[in-house]
Amino acid sequence: MRKPLLEVKDLQIKFETKRGTIAVSDGVSFAIGENETLCLVGESGCGKSVVAVSIMGLLPAHARVAGEIRYREADLLQCSPGEWSRFRGREIAMIFEQPMSCLNPVISAGRQIAEAYAANNRCSKREALAEARRKLDEVGIPENCFVKFPHELSGGMQQRVMIAIALACRPNLLIADEPTAALDVTVQCQILELLHCLKDRYRMSMLLITHDLGVVAEMADTVGVMYAGTMMELSGVEDFFYRPGHPYSRALMNVVAGNALSPIRGSVPHLLEPVPGCPFHARCVDAVEQCRRARPQPRIVNGRMERCHHFTGDNSGRQLDQMVSSR
Amino acid sequence: MRAVDGVSLSISRGESFGLVGESGCGKSTLGKLLLRMLEPTAGRVSYQGSDLGLLSEGDMKGLRPKLQPIFQDADGSLDPRYTVYRLLAEPLQIQGMERRKIGGMIQDLLGRVNLGTELLERHPHELSGGQRQRIGLVRALAMKPDFIVADEPAASLDLSVQAQVLDLLNSVRERDGAGLLYVSHNLRMVRLMTQRLAIMYLGKFMETGDTESFFTKPMHPYSQMLVSSLLSLDPAKRRARKNMITGEPPDPSDAPGGCRFHPRCPYRKPLCLHEEPGLKDVGNSTKVACHLV
């Protein structure tokens with residue numbers, strides 16, 4: 001792998017609730033290299049957004065965090081809030097599914113971008129506004145939208161404004177949490193294409209959170225599959241699609257790529273009642289006695305990590321490529 | 001503003017018809033019109049030969065259980081003061097089911113969407129979004145409907161649950177012979193769920209026809225744009241769509257003259273700016289509204 005920009009090691013995030021402790025992230029590890037995109041995939045409640053928020057240092061104060069989040073030479077978890085805020089925006093920026101909940105409704109699109117730029121750069125107001133105009137153009141927003149307020153823009157345009165704000169300070173890492181889930185398919189394509197272009201232009205790295213495997217195929221270099229707070233699989237995008245490894249990954253793939261609807265039986269375990277053994281065993285078609293008793297440890301073979309008792313690194317006979325390419 | 005503008009369709013028993021388009025194209029409005037949840041300004045909706053618009057409120061009320069909507073967000077259709085048990089018992093009582101059979105039936109219904117009986121005493125606000133959606137779905141299906149309008153029924157659900165829900169809808173259609181209007185912008189699901197479909201743009205059908213031939217050979221430029229927006233699951237094919245996709249979903253209150261799609265159409269001719277094309281039969285049971293086809 002290229003030199004990692006961000007490295008997350010054995011990240012544990014726990015919350016105390018009235019009904020007990022829940023581990024929303026339980027030993028999550030991954031690394032993102034320069035100019036690389038990692039997609040985190042998983043169903044709701046699997047902990048993918050919490051991991052993203054923890055990298056931004058935006059977890060609520062009562063969260064108990066352990067492990068390591070290393071950005072270049074700095075261990076972010078050891079940083080004081082003041083030190084951390086030097087990374088936010090300038091080094092690491094984030095965009096969300098619902099741009100409307102992040103944009104200020106009473107400030108025009110152009111001024112919001114200028115504000116973000118001015119907050120992190122020493123410049124005059126005039127310079128900031130000029131920079132905002134350049135950014136608007138860069139993300140494909142017509143010039144007349146500079147003075148428009150967020151509610152006057154379409155969902156796609158709002159997301160472009162968010163992207164422009166996130167890029168205002170030229171971050172090295174962009175975290176995008178379901179950036180296109182709320183958009184029409186046509187607009188989704190446009191936004192993904194925009195992210196591709198910007199990533200290449202600025203040699204940015206991206207952490208993209210999605211539940212849509214189509215988005216993964218379109219964007220990812222590396223894919224991380226999360227389930228019930230655990231990273232089940234971490235592999236290169238070709239491996240993930242052409243030789244899906246973990247039974248959970250294969251089941252997800254079957255749902256979208258299969259020619260008939262093939263549901264995954266059962267439902268996600270509740271984080272308050274952690275199951276013994278492999279968290280996926282109750283729904284796994286390959287589960288054996290060992291899976292019900294012992295929690296599988298991450299194993300790495302040929303650059304691919306899996307948490308599965310069956311994983312030996314040999315994926316022959318698990319080929320789904322024909323099924324995938326026929327769609 | 002014309003949300004739905006001169007569309008015709010028919011759905012038979014056991015058939016699933018897909019309605020596809022970007023947000024604001026009028027697909028949800030059309031779904032509501034079919035169930036007489038909205039009154040059309042002009043035109044007719046008939047169910048088993050009788051004109052729904054001519055039925056009295058009372059007759060319509062008798063028919064309602066047979067015509068069921070399922071929406072993306074079940075919140076609006078579940079009474080917040082009812083428990084899950086009462087929500088599911090009510091439709092069964094309406095059908096005159098004996099009291100002692102109701103408990104077992106409810107258990108059966110919950111099992112079909114993979115929910116357990118521990119939910120029975122909960123109220124809607126104590127359920128997760130996915131659970132609410134599934135309760136809304138089985139409540140609608142408990143009525144044994146003949147015709148279902150499913151408007152993005154699975155959009156708020158996780159992948160694994162999505163498949164369960166759609167599978168259930170399919171089995172109701174196949175086993176009980178219910179007709180289904182499946183409204184969605186998720187083309188992958190539409191392909192799996194429907195036999196015929198219509199592509200809607202600013203209130204009009206741009207193309208109607210057989211689902212499979214639509215995906216293999218989309219005729220209308222807008223259809224081609226939609227199909228090319230379908231993200232491939234093959235990473236080798238990424239970014240292969242050569243900027244086929246232009247513009248954004250238009251504002252329905254400001255529909256352009258001529259062909260409504262012309263501002264976004266890569267092939268437009270002068271004729272398209274002035275004259276609106278009608279739906280033409282192009283063979284293969286496909287109809288297309290385009291001057292160039």
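Note on naming: letters A, B, ... go to the chains in the order of the sequence lines (proteins, then strands), and numbering restarts at 1 for each one. Keep in mind it's a predicted model, so treat the numbers as computed, not measured. Computation of the quantities below employed the complete heavy-atom set of this structure, encompassing side-chain atoms and omitting hydrogens, waters and symmetry-equivalent molecules.
- Comparing S128(B), G21(B), P249(B) by how many heavy-atom pairs each has under 4.5 Å with chain A, the most go to P249(B).
- Side-chain atoms of D158(B) come within 3.5 Å of backbone N or O of S44(A) as a donor-acceptor pair.
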Review point. Does the side chain to side chain donor-acceptor pair (under 3.5 Å) test come out yes or no for T83(B) and E121(B), once each step is laid out?
Key: CA-CA 5 Å; T83(B) 60; E121(B) 292 311 310; 4.9 Å; no
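- When the candidates L213(A), V216(A), T186(A), I264(A) are compared by the number of heavy-atom contacts under 4.5 Å with chain B, T186(A) comes out ahead.
- Proximity to chain A (any heavy atom under 4.5 Å) is shown, for A236(B), by both the backbone and the side chain.
- Contacts of M219(A) with chain B are made by backbone atoms alone, with heavy-atom separations under 4.5 Å and no side-chain atom involved.
- Contact of C197(A) with chain B is made through backbone and side chain together, with heavy-atom distances under 4.5 Å.
- Looking at L183(A), only its backbone comes within 4.5 Å of chain B, counting heavy atoms on both sides.
- Side chains of F240(A) and M253(A) form a contact here, defined as non-hydrogen atoms less than 4.5 Å apart.
- Residues D137(A) and P142(A) are not in side-chain contact: their nearest non-hydrogen atoms beyond the backbone lie 4.5 Å or more apart.
- Ring pair H220(B)/Y222(B) is perpendicular by interplanar angle, where above 60° counts as perpendicular and below 30° as parallel.
- Each salt bridge (charged side-chain N to carboxylate O under 4.0 Å, His left out) pair with one or both residues in residues 39-50 of chain A, not counting sequence neighbours, appears once here: E43(A)-R283(A).
- Heavy-atom distances place the side chain of N170(B), and not its backbone, under 4.5 Å from chain A.
- Using a 4.5 Å cut-off between heavy atoms, V187(A) touches chain B through its side chain atoms alone.
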